[in-house]
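Just so you know, ligand 1 is whichever comes first in the structure, and atom 1 is the first atom listed for that ligand. Owing to the predicted nature of the structure, the values given are computational and were not obtained by experimental measurement.
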Amino acid sequence: MNATHYIDGRRAPSEGHATIDVIDPSDGQKFGEIARGTAADVDAAVRAARRAIGDNFDGPWGAKTALERGRLLAKLGAAVMEHHEELAQLEARDTGKALRVARNDATALARYMEYYAGACDKLHGDTLPYERGYTVLTVRNPHGVTGHIVPWNYPMQIAGRSVGAALAAGNACVVKPAEDASLSLLRLAEIATEVGFPAGALNVVTGYGKEAGAALCAHPGIDHISFTGSTMTGRSVGLAAAERHCPVTLELGGKSPQIVFADADLDAAEPVLVNAIIQNAGQTCSAGSRVLVEQSIYEEVVQRLAKRFAAVKAGTPAEDLDMGPLINEKQFRQVRDMVATAEASGLKVAARGTVSPNASATGYYQEAVLFRDVPHDSDLAQREVFGPVLAVMPFKDEAEAVRLANGTDFGLVAGVWTRDGARQLRMAHKLHCGQVFVNNYGAAGGVELPFGGVKSSGFGREKGFEALLGFTTLKTIAIKHG
Ligand code: ADP
């Protein structure tokens, strides 16, 4: 594999020819290299994107009509499905995720392209009532060149949702994948060229966050930044964007609660409560990492969850068990440390899953861990673990459930389990977050559903039609004609 970026419609080596090792999380061994991008590489990509748009929207990409953009996105979605297994295998190797999850990611990537393909020519402005003798219009324009900083947990899904919407709105994109998971997005850019996207419409610059990522945020030619990643890095990206008044969308961490009332359908809730934290080995920003249970059914729910947790197996991506390994050594140590610290502080483990005997001893396998009676003010209830670790705690009434659920720095997603219709609505309105699921839990929900946070979970919305609006600027045109 050549260590290259994807700039201006072709694979391009890094200006400095430096590389970063690609490590297989299932055994900790190197299996390839990616280019270690520099500010010069980012600059080349931004220039290519600008040329694709043209100075006056007269470049090969900028001149495309909404219909033409939609047709190209539809072709890209279909091509992703043709390359589905190849992309899924690449993603599973690169990130360690179970093959089933990687396949789902590839399907979601195609679905984003399909959704935004159909949305391109439905994006329009308005005419507004104003004083007599005026006609007032609003028009929606693309920002221009958009920067997309992507994390390693769901590269295809997260790039798909933001690049799909940005391209649909007529922007040209520069993507900086995570240094731990770049391979699928390099391939995606190549496929985009194969189906007819003009050179420069979709560029990928690989490299470290502090180098290529920071250079992208600081580049004066980037007109909008979408960032998905950790809360701390999101703050740096937000500050860098503020330095030059660049609009930014931040999708950050979460400590999302699932709230189980005594009248809930526990048979329906139980598998969803477990899956929401073990999916992708807990490395999901919208993971349901806290379960709040009404006191009268607390013991029953803990017993049910413990039984399921004991059966959760981590294994190699090819074994396709409940979970794969964690992404890298740093993450592995961090999760293990948080579990050890919680145990040392006296928190009770109700159950642990297992690791497959076929898993390599040098891989980053973390078994699922269920903690019970977790105090609301403990680290485990307040901080994001980003691993398969669930904190369960009781509540006595609806008011306390709301207080606990809203009582963290985060506000991304919440789940409510109850058969009481009025309570479903009361809770949905009182929960301070970006998405509420009632009697289900979407772990970021569908392609069509706007997604994003409040508080330290970020701002701006990805997904759905709402995201498309975020990738435009609105211009008001007031004409006085008498
Ligand atoms: P993690 O710490 O789990 O790797 P990050 O939030 O740091 O998660 O990474 C998400 C993405 O942000 C990655 O693509 C990473 O390279 C990038 N990144 C990290 N630091 C910066 C930074 N200072 N500026 C821009 N991008 C960054």
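Once rounded to the nearest 0.5 Å, the distance linking CD of Glu343 with CZ of Phe371 reads 5.0 Å.
Between Arg100 and Asp320 there is a salt bridge, since at least one side-chain N of the basic residue sits less than 4.0 Å from a carboxylate O of the acidic one.
Looking at Leu305, Leu273, Val374 one by one, the single match for side chain to side chain contact (heavy atoms under 4.5 Å, CB included) with Val392 turns out to be Leu305. Between Gln366 and the choices Arg336, Gln283, Gln331, the side chain to side chain donor-acceptor pair (under 3.5 Å) rule is met once, by Arg336.
Glu251 places a side-chain heavy atom less than 4.5 Å from the side chain of Cys285. For the pair Phe451 and Arg461, the minimum side-chain heavy-atom distance is 4.5 Å or more. Between Ile20 and Arg36 the shortest side-chain heavy-atom distance falls below 4.5 Å. A 4.5 Å side-chain heavy-atom check between Leu326 and Pro25 finds every atom pair outside the cut-off. At a threshold of 4.5 Å between non-hydrogen side-chain atoms, the residues His5 and Ser14 count as touching.
Applying the ring pair (Phe, Tyr, Trp, His ring centres under 6.0 Å) rule to Phe386 yields the partners Trp152; only residues at least two apart in sequence or on another chain are considered.
From the protein, the heavy atom lying nearest to atom 13 (C) of ligand 1 is Val150 O, 3.5 Å. For atom 8 (O) of ligand 1, the nearest non-hydrogen atom of the protein is Ser230 OG, 4.0 Å. Protein heavy atom in closest approach to atom 20 (N) of ligand 1: Thr233 CG2, 3.2 Å. Nearest protein neighbour of atom 17 (C) of ligand 1, counting heavy atoms only, is Ile149 CG2, 3.6 Å. Regarding atom 15 (C) of ligand 1, its nearest protein heavy-atom neighbour is Glu179 OE1, 3.6 Å. When only non-hydrogen protein atoms are considered, atom 25 (C) of ligand 1 lies nearest to Gly213 C, 3.3 Å. Looking at atom 3 (O) of ligand 1, its nearest protein heavy atom turns out to be Trp152 NE1, 3.3 Å.
When heavy-atom distances to ligand 1 are checked against a 4.0 Å cut-off, Phe227 comes that close only through its side chain, counted from C-beta outward. Under 4.0 Å from ligand 1, the heavy atoms of Pro177 that appear belong solely to its backbone.
Cation-pi contact between Lys255 and Phe410: absent, since separation from the ring centre below 6.0 Å together with deviation from the ring axis within 45° is not met.
By the 3.5 Å distance cut-off applied to N or O atoms, Tyr208 is not counted among the residues near ligand 1. Residue Gly209 has at least one N or O atom closer than 3.5 Å to an N or O atom of ligand 1. An N or O contact shorter than 3.5 Å is missing between Ser236 and ligand 1 by distance. Remark: ligand 1 and Pro151 share no N or O pair separated by less than 3.5 Å (distance only, no angle test). For Lys176, a nitrogen or oxygen atom sits less than 3.5 Å from a nitrogen or oxygen atom of ligand 1, counting backbone and side chain alike.
Residue Ala214 has at least one heavy-atom neighbour below 4.0 Å for each of these atoms of ligand 1: 24 (N), 25 (C). Every atom of ligand 1 is numbered from 1 in the order shown, and the set under 4.0 Å from a heavy atom of Gly229 is 6 (O).
For atom 6 (O) of ligand 1, the nearest protein heavy atom lies under 4.0 Å away.
Atom 2 (O) of ligand 1 has its nearest heavy-atom neighbour, among Gln334, Met232, Lys330, in Lys330.
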